[in-house]
Visitor: 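I am attaching a structure below and will ask some questions about it afterwards.
Not measured: the values here are computed from a predicted model. Numbers for residues simply follow the sequence, beginning at 1.
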Amino acid sequence: MKRPVLDGIEYDYVFDVDIGDGEPIRKLPHNRSDNPYDTADKWLLKENLPLSYRQQIVEFILQNTGQKDFTPDPAFRDPFTGSSAYVPGEYSKSATVAKPAFKHIPKKGMLVFDIAQFDGILKKITELNSALHSDQEKKHLALSELEISRLGALVKVLKDTSHYHSSKLADSDIAVLLSAIKSWPTTMIFPVIDTLRMVVLHPDGATLFLKHVEAENDTLMEIIKRVTENPSLPANLLTSIRLVTNLFKKSSFFNWLQRHRVEVLDAFSSCYSSPNKNLQLSYSTLILNYAVLLIDKKDQEGQSQVLSAALEIAEEENLEVDSKFRVLVAIGSLMLDGLVKRIALDFDVDNIAKAAKTSKDAKIVEVGTDIELLTKAS
């Protein structure tokens, strides 16, 4: 039988998962050789879903792959619920052998924002375009009927993730998006940026966008400067910070992201103190991705900047739980694998660890324990 494909990769299984609340169906990939707990952890982080769903997802995988003869492993403690968990027999032995000292660090791989309400985005662009068309002074900025139609075709390709390995996008469609972002009134550009956020997750879309970014005027820096000018609009900030965060999925953008880290982090630095929880989470995700990238690049100066930003965020009292978790994981990863452990110790990271251990949230307590272990290690 032909194996199912997701994002250009073949798997033994690709399940449809309905999480309710009117949310779109999510795709859950799994291979028979994978540990269901690893699959669940990676998927929940990727989908930005509560880690408390972990046990439910593991049982879903086991039942739907025919592994029904699993038994509780008494040595296993679920890091998110505190209870013992079910594991398939073949994993029981390894679960009790030489467990790693750290539960949540170091972080490997990048996190992206890859869920989009495409129909709503397209509807909003069409509405705003109609408003421009009916304004005599701004009529010349409106997209033509053909261009709107082309955007519909673009969205159709973006929706079909199972063919990302073979589908293509037209450079002219990317150019239309970039032209609208550059010329439309600032209050209107957020759904266009949101479309571009999804374009860069498409292999061909990322390649085409990179050509525009590498042009002399650097389109991406222009977008960032435009949306972060005062007065900044939350919708613009949210869509653009997620656009930048999604670039971490493509290694072809790593050099740009490393080169512009100071400007990028400074441009979005107001997000972590925003009352908007989505902005907080997006900025924390950006910080975590930068930590992973700069550890890999052995960029000590860059790591110092990211660590400084993460330590500042970690001390924010009104930070949403998942946002705090991600910056703490960034701090721990930088201390463990990076070149800046001494700097963290000099900035009293042990106080941040102690504060985390008093949290009511299990995963915050655990990553706080990870960091505390690091402060005590020589």
Visitor: Taking only Lys NZ, Arg NE, NH1 and NH2, and the carboxylate oxygens of Asp or Glu, determine whether K159 and D119 approach each other closer than 4.0 Å.
Guide: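 Counted as a salt bridge, because a side-chain N and a carboxylate O are separated by less than 4.0 Å.
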
Visitor: So does D350 pair up with K376, basic N to acidic O under 4.0 Å?
Guide: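 Looking at K376 together with D350, the answer is no, because their closest N to O distance does not fall below 4.0 Å.
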
Visitor: Kindly state each residue pair satisfying side-chain hydrogen bond (donor to acceptor under 3.5 Å, both in side chains) with at least one member in residues 309-321, sequence neighbours excluded.
Guide: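 Listed by first then second residue: Y272-E312, E320-S323.
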
Visitor: Could you tell me whether the side chain of T285 reaches within less than 4.5 Å of the side chain of F113, counting heavy atoms only?
Guide: yes

Visitor: Which hydrophobic side chains are connected to Y11, either touching it within the sub-4.5 Å cutoff or through other members that do?
Guide: L6, I9, V14

Visitor: Between D204 and L169 (side chain of the first, backbone of the second, donor and acceptor by atom type, cut-off under 3.5 Å), is there such a pair?
Guide: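 Yes, because the side chain of D204 sits within donor-acceptor range (under 3.5 Å) of the backbone of L169.
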
Visitor: Check the pair H212 / T219 against side-chain hydrogen bond (donor to acceptor under 3.5 Å, both in side chains), numbers first and verdict last.
Guide: CA-CA 6 Å; H212 290 276; T219 301; 4.9 Å; no

Visitor: Hydrophobic cluster membership, with links at side-chain heavy-atom distances under 4.5 Å among I/L/V/M/F/W/Y: are L154 and I181 in one?
Guide: yes

Visitor: Do Q300 side-chain atoms and V340 backbone N/O form a donor-acceptor pair below 3.5 Å?
Guide: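 The answer is no, because no donor-acceptor pair under 3.5 Å joins these two groups.
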
Visitor: Cut-off 3.5 Å, side chains only: do E59 and Q55 have a donor facing an acceptor?
Guide: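 Distance-only check passes for E59 and Q55.
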
Visitor: Is there a side-chain contact between I224 and H260, using heavy atoms and a 4.5 Å cut-off?
Guide: no

Visitor: Should D114 and K27 count as an ion pair when the cut-off is N to O under 4.0 Å?
Guide: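 Salt bridge: no.
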
